[in-house]
Q: 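This structure is in C-alpha cells; I'll ask about it shortly.
Side chains are part of it too, since the values below use all heavy atoms of this structure and drop only hydrogens, waters and symmetry mates.
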Amino acid sequence: MTPTLSDRLAAHVLAGARSLGLPDDDAALTPTALAAHGDFQTNLAFRLAKARGENPRALAERFLAALPNDPALVASATVAGPGFINFKVTEAALAADVGARLGDDLGAPRPGVGKTLVIDFSSPNVAKRMHIGHLRSTIIGHALDGMFRFLGWRVIADNHIGDWGTQFGKLIVGWDRWRDDAAFAADPIGELQRIYQRFGEIEDPDGELATASRVATARLQAGDPELRALWRRFVDASMVEFDAVYARLGVRFDAVLGESAYEAALAGIVEKLLADGLAEVSDGAVVVRLTADDGPGLGEAPFLVRKADGAALYGTTDLATVDHRLATWAPDLIAYVTDMRQQLHFRQLFAVCRRRGIQVPFQHVGFGLLRLPGGKTASTKSGVVLNLVDVLDEAVARARAVVDQRSDTLSEDERAAIAETVGVAALKYQDLSQNPQSDIVFDWDKSLALDGNTAPYLLYAHARCRSVLRRAGDAAPGPVVLVDPSERELAMSVARTPDVIRQAAAAWRPNLLCDHLYGTTQAFSRFWERCRVVGDDVPADVTASRLTLVTATATSLRTGLGLLGIRALDRM
RNA sequence: GCCCCCAUAGUUCAGUGGAUAGAACAGAGGAUUCCUAAUCCUCAGACGCGGGUUCGAUUCCCGCUGGGGGUGCCA
C-alpha cells in the first residue's frame, strides 16, 4: 500500500508545526478550490494563529519557513491571502502515485484492518412487496458495506427481516377465509398483500376478525405447529422474491436474521431490565425512563419494552439483536441504515444500551424520505405505491431504447445485459449521489435519467478506457509523463480516490464518492478530447504514459463504482 | 405543546468556517477526415428573512417565516 499524496503532505505540514513548536494532529489539509492555487492547501495557520492571538498571515510566513525540505514531493509552497499555505506537488510524485494505483485495491491504506462493523440495512417486511421506499436503505447500506470493506474492515451486513408481529395473525385469518391458491402459486407476495389489504378494508363491527387475529397471533407465538408451518411458508415465499431483487441490485448480506430469531430472548431482556432497576412498570407496560443526561430531549418519552398486554415491541427485539451481535461478532461499531423518522427510536435504543453497560459505539445513518412530486410520500399508507421491480423494469426498458439506438452493432444478448446494468445503475446512482439526509423527490424522468451526472456517464467513460486499452494491442504501459494540463488534472483526481473513499465512509455518505467519481470522469472526458492515446502520430513513450493513466482511471472508476454496488462495463 | 430535520439557479441536487458558491436538466450558440459524440466547448442564471459570533459565515448560534417528520403501548 502507498500513502496518498495528501497523507504525505499532511505529515509534511505536521512536521513543520512540530519544528515551529506548535505540535498538532490535524494538518487542516484540503484540495484547493482553484487550480491556480496549487493542488492542496492547509488552513492550519489560521487555527494556530487564533489560538495564540497572532496575525495569521505572519504566522503562515513563519510556518512556511519551518516546513521541512522535501523536493521530491513539494514543487512549491507559498503563503497566499490572509494566511493560506498552498502546495503544488511535483510532477514526479504525482506520476509515481498514479503508477502505484493500478490494482483493484488502488494501493490504498487500509486503516480498518482488524476492526469489525455490523451494519443493519434493507430490512423489508415479509408478505409485502418491496417498493421504491426500500431502495434507499438497501443501496446506501450496501455502499457503506463496500466502502468499509475497502478500508480493511470486516463487515457483517445483517438483513433484519420483519418476519414477526401481529400482522401474521391477520394474514393467517385472511388466509383461511379468502385465499386464492392459484393466485398464491403464481404470485405469493401479491396474494399475501391482497389478503392483508382485504383484512384492513373489510367491515368488522363485532370485532370478530380482530379477535380471531389476536388468537392466531398468540397461537403462532406459542409455537402451534400448524400455524408455524404456515408462517414459514409466508416467510420463505417472501424471501424468494427479496433474493431476486437483491440479486438484481447486486446486494449481498452476511447474515439474514429476522425478528423471529430473537423471540426467545425477549422475556429475559425485560426481566433483566426490571431486575437491574433500569426498567419499571408503568400503566401495565414496562418502560425504561431516560433523562436529559442520556441525550437532548430523551427525558420526554420513555422507551417501551413490553406492552400492557405482555407482548414485546420492536425496541425489545432491537435490544436482543444487539446482544446477539455483540456475542457473535464482537463488533467495534454497529450501524443502522433506516429513514430519519426512526431517529428518536435509535437514540433511545443506544441510550438504553449504554445504561446496560454496552460500550460499543453505535451509529444511526438516517436518510431522508422519498417523496413524489406534489409532496406525497410513497408508501402503502398513502395509497401511492411504486413497486421496486416495476421501477427497475422501467429503468431497464429506457436504457434498452438507448442501447438499441447507440450500440446497434452489439448482439442481442450483449444489448440486453448492457441495458440491465445501465438501467439499474442509473436508478441506484441517482439516489446514492445525493446526500443521504436529504429528502428525495422521485420523478420518473429524473430518477431514470441517462444523461448528465448519471451512472451511464461514468460507465461510458469506463467503456472508453477499456476500448482504447483493447486497441493498444502490444503497446505496453510505461512511466507516466504529464504533458497536457488535462493529463495532470486527471492524474490528480485518480490519486485522490483513496482519500475520498476514506472521507465518504467516515461521514457515512456515499454521495461524496459519487461526486468524486463524477469529477474524475469529467477530467477523463476532457483528456479524451485533447489527448490521443494510440495512433501513428503518437510517440511510443507518450502512448506508454497515457496507457498507464487510462489504466489507473479505469481501475479507479471500476473500483469506485464497485463499492457503490455498480458493476462497470467494458462495452456499451 | 415539546423535540428533530430541511430551505442554494426556472427545476433536481452538490458544497469540509476560507480565496471567484459547483453540477445536471431545461434554454441560447458552437465542435465530429482520427482511440466509443451515451462526448466536449461557450453563454445566461441562485445562498428564504432579521440579528449575532468570527480576520472570514451558504456553513456555527439566536429569532422569524415556510415545508417535512417524530412524540407511552405500530415498525
Side-chain angles (χ1 to χ4, degrees), chain A residues 28 30-34 36-37 41 43 46-47 49-50 55-57 80-84 86 123 125 162 165-167 259 282-287 289 296-298 300-309 311 313-315 317-318 338-345 347 366 368-369 371 373 375 377 399 402-403 405-407 422 430 433-435 437-441 443 445-447 449-454 456-457 459-461 463-472 503 507 511-512 514-515 518-519 522 525-526 528-538 543 546 550 571-572:
Chain A
T30 60
T32 55
L34 280 89
H37 296 150
Q41 67 184 60
N43 302 333
F46 291 109
R47 207 176 67 219
K50 175 171 284 186
N55 177 298
R57 172 85 197 197
F84 303 104
N86 295 330
S123 307
N125 288 322
T166 53
Q167 73 267 32
E259 293 169 352
S282 171
D283 294 338
V286 178
V287 304
R289 292 207 185 278
L298 291 186
E300 312 300 323
F303 186 72
L304 238 44
V305 293
R306 192 168 74 196
K307 297 197 285 184
D309 67 4
L313 294 101
Y314 66 114
T317 305
D318 282 345
T338 78
D339 73 65
M340 211 107 66
R341 286 178 300 190
Q342 297 189 51
Q343 189 195 57
L344 175 61
H345 168 70
R347 290 182 58 215
L369 297 180
R371 40 177 35 97
T377 49
V402 177
V403 171
Q405 181 190 333
R406 307 275 179 183
S407 312
V422 168
Q430 191 63 38
S433 63
Q434 294 183 35
N435 189 327
Q437 81 171 8
S438 302
D439 288 347
I440 283 193
V441 176
D443 171 90
D445 290 337
K446 291 278 197 269
S447 299
L450 305 171
D451 297 317
N453 182 0
T454 65
Y457 178 68
L459 293 170
Y460 180 66
R464 281 169 141 183
C465 288
R466 303 304 305 174
S467 172
V468 74
L469 293 172
R470 280 193 301 273
R471 273 182 186 269
Q503 288 159 8
N511 72 301
L512 297 178
C514 292
D515 279 355
Y518 179 63
Q522 285 182 307
S525 296
R526 282 189 283 270
W528 183 270
E529 295 291 323
R530 297 169 57 93
C531 303
R532 280 197 68 79
V533 178
V534 295
D536 294 341
D537 52 345
V538 184
T543 290
R546 288 177 178 169
V550 169
R571 286 188 172 79
M572 61 186 282

Q: Under the 3.5 angstrom rule, does the side chain of Arg571(A) hit a backbone N or O of Ala463(A) as a donor-acceptor pair?
A: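 Here the side-chain-to-backbone pair does not exist.
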
Q: Tell me if a side-chain donor or acceptor on Asp283(A) pairs with a main-chain N or O of Ala285(A) at a distance below 3.5 Å.
A: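 Here the side-chain-to-backbone pair does not exist.
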
Q: Could one point to a donor on the side chain of Thr30(A) or the base of G18(B) with an acceptor on the other under 3.5 Å away?
A: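 Answer no: no donor N or O sits under 3.5 Å from an acceptor.
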
Q: Using whole Å, what does the distance between atom C1' of nucleotide U20(B) and atom NE2 of His37(A) come to?
A: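 Taking NE2 of His37(A) and C1' of U20(B), I get 8 Å after rounding.
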
Q: If we take the C1' atom in both A9(B) and A23(B), what is their distance in whole Å?
A: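 Between the two C1' atoms, the distance is 11 Å.
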
Q: Quick one: pull up CG in Asn453(A) and SG in Cys514(A) and give me the separation to the nearest 0.5 Å.
A: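 Spacing of CG (Asn453(A)) from SG (Cys514(A)) equals 8.0 Å.
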
Q: When you match Leu34(A) and Ala285(A) each to their closest nucleotide on RNA chain B, which lands nearer the 5' end?
A: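 The answer here is Leu34(A).
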
Q: Mind checking the C1' distance from G30(B) to A37(B)? Whole angstroms is fine.
A: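 14 Å, rounded to whole Å.
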
Q: Look at the side chain of Asp445(A) and the base of A26(B), then say whether one donor and one acceptor between them are separated by less than 3.5 Å.
A: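 Looking at the base of A26(B), it does not pair with any donor or acceptor on the side chain of Asp445(A) (distance under 3.5 Å).
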
Q: Would you please determine if the base of A23(B) is stacked by Tyr518(A), with stacking meaning a centroid separation under 5.5 angstrom and planes under 30 degrees?
A: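 It does not: the two rings, one from Tyr518(A) and one from A23(B), miss the stacking criterion.
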
Q: Side chain of Leu344(A) only, please: which of G69(B), G18(B), U71(B) is the nearest?
A: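 The closest nucleotide is U71(B).
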
Q: For atom C1', what is the distance between A21(B) and A46(B), given to the nearest Å?
A: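 Straight-line distance between the two C1' atoms is 9 Å.
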
Q: Under the rule for side chain to side chain contact (heavy atoms under 4.5 Å, CB included), what residues qualify as partners of Tyr460(A), not counting sequence neighbours?
A: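 Scan of Tyr460(A) (side chain to side chain contact (heavy atoms under 4.5 Å, CB included), adjacent residues dropped) gives Arg464(A), Met572(A).
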
Q: Taking only the C1' atom of each, what is the distance from A24(B) to C62(B) in whole angstrom?
A: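 After rounding to an integer number of Å, I get 36 Å for this pair.
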
Q: Between atom CG in Asn43(A) and atom C1' in A57(B), what is the gap in whole Å?
A: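 It works out to 15 Å between those atoms.
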
Q: Roughly how far apart, to the nearest Å, are G48(B) and G67(B) at atom C1'?
A: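 Rounded to whole Å, the distance is 11 Å.
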
Q: Pick the P atom in A57(B) and in C49(B), then give their distance to the nearest Å.
A: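 So the two P atoms sit 16 Å from each other.
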
Q: Show your reasoning for whether side-chain contact (heavy atoms from CB on, under 4.5 Å) applies to Phe84(A) and Thr32(A).
A: CA-CA 10 Å; Phe84(A) 303 104; Thr32(A) 55; over 6 Å; no

Q: Could a donor-acceptor pair under 3.5 angstrom be found where the side chain of Gln41(A) meets the base of A19(B)?
A: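 Such a pair exists between side chain and base.
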
Q: Where along nucleotides 30-45 of chain B does protein come under 4.0 Å, by heavy atom, of base (B) or sugar-phosphate alone (S), with - for untouched nucleotides?
A: ----BBBSBBSS----

Q: Return yes if some donor-acceptor pair links the side-chain N/O of Asp443(A) with the main-chain N/O of Lys446(A) below 3.5 Å, else return no.
A: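 Yes, Asp443(A) side chain to Lys446(A) backbone: donor-acceptor pair under 3.5 Å.
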
Q: When every nucleotide of nucleotides 1-12 of chain B is labelled 5' to 3' by its protein contacts under 4.0 Å (heavy atoms), B for base, S for sugar-phosphate only, - for none, what sequence of letters results?
A: ---S-S-----S

Q: Within the 4.0 Å heavy-atom criterion, would you say Asp318(A) contacts the bases, only the backbone, or no part of the nucleic acid?
A: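 Nothing, no heavy atom under 4.0 Å.
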
Q: So what does the secondary structure string of RNA chain B come out as, 5' to 3', with Watson-Crick or wobble pairs under 3.5 angstrom, [ ] for crossing and | for pairs with another strand?
A: (((((((..((((....[...)))).(((((.......)))))....(((((..]....))))))))))))....

Q: So how far is it from Arg526(A) CZ to Glu529(A) CD, rounded to the nearest 0.5 Å?
A: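 Here the rounded value is 10.5 Å.
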
Q: Spell out yes or no: do the side chain of Arg47(A) and the base of G17(B) have one donor N/O and one acceptor N/O closer than 3.5 Å?
A: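 No such pair is found, so the answer is no.
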
Q: Keeping Ser433(A) on the side-chain end and Asn511(A) on the backbone end, is there a donor-acceptor pair under 3.5 Å?
A: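 Checking the backbone N and O of Asn511(A) against the side chain of Ser433(A), no donor-acceptor pair under 3.5 Å is found.
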
Q: For Pro82(A), which contact category applies under a 4.0 Å heavy-atom criterion: base, sugar-phosphate, or nothing?
A: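 If one applies the 4.0 Å heavy-atom cut-off, Pro82(A) turns out to touch a base.
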
Q: Quick one: on RNA chain B, does Ala80(A) or Asp283(A) contact a more 5' nucleotide (nearest heavy atom)?
A: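 Looking at the nearest nucleotide for each, Ala80(A) comes out on the 5' side.
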
Q: At under 4.0 Å between heavy atoms, what does Asn435(A) touch on the DNA or RNA strands: base, sugar-phosphate, or nothing?
A: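 Sugar-phosphate only.
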
Q: OG1 of Thr338(A) to NE2 of His345(A): how many Å apart, nearest 0.5 Å?
A: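 Those atoms lie 8.0 Å apart.
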
Q: So, the side chain of Asp439(A) versus the backbone of Leu369(A): is there a donor-acceptor pair under 3.5 Å, distance only?
A: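 Checking the backbone N and O of Leu369(A) against the side chain of Asp439(A), a donor-acceptor pair under 3.5 Å is found.
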
Q: With a non-hydrogen cut-off below 4.0 angstrom, is Ser282(A) in contact with a base, only sugar-phosphate, or nothing?
A: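 It contacts base atoms.
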
Q: Mind checking Phe46(A) for me? I need base, sugar-phosphate or nothing, with any heavy atom below 4.0 Å counting as a touch.
A: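 Base contact.
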
Q: Check side chain to side chain contact (heavy atoms under 4.5 Å, CB included) between Ala33(A) and all other residues, then give those that pass, not counting sequence neighbours.
A: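 For Ala33(A), no residue satisfies side chain to side chain contact (heavy atoms under 4.5 Å, CB included) once neighbours in sequence are set aside.
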
Q: Does Arg530(A) have any salt bridge (charged side-chain N to carboxylate O under 4.0 Å, His left out) partners at least two apart in sequence or in another chain, and if so, which?
A: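 Scan of Arg530(A) (salt bridge (charged side-chain N to carboxylate O under 4.0 Å, His left out), adjacent residues dropped) gives Asp484(A).
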
Q: If the C1' atom of G29(B) is compared with that of U36(B), how far apart are they to the nearest Å?
A: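 So the two C1' atoms sit 25 Å from each other.
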
Q: Within this structure, what is the CG-CZ distance for the pair Leu313(A) and Arg306(A), rounded to the nearest 0.5 Å?
A: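 Between atom CG of Leu313(A) and atom CZ of Arg306(A) there are 10.5 Å.
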
Q: Suppose you measure atom C1' in A14(B) against the same atom in U53(B); what distance do you get, rounded to whole Å?
A: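 Pairwise C1' distance, A14(B) against U53(B), rounds to 27 Å.
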
Q: Using a 4.0 Å heavy-atom cut-off across all strands, classify His345(A) as base, sugar-phosphate, or nothing.
A: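 No contact.
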
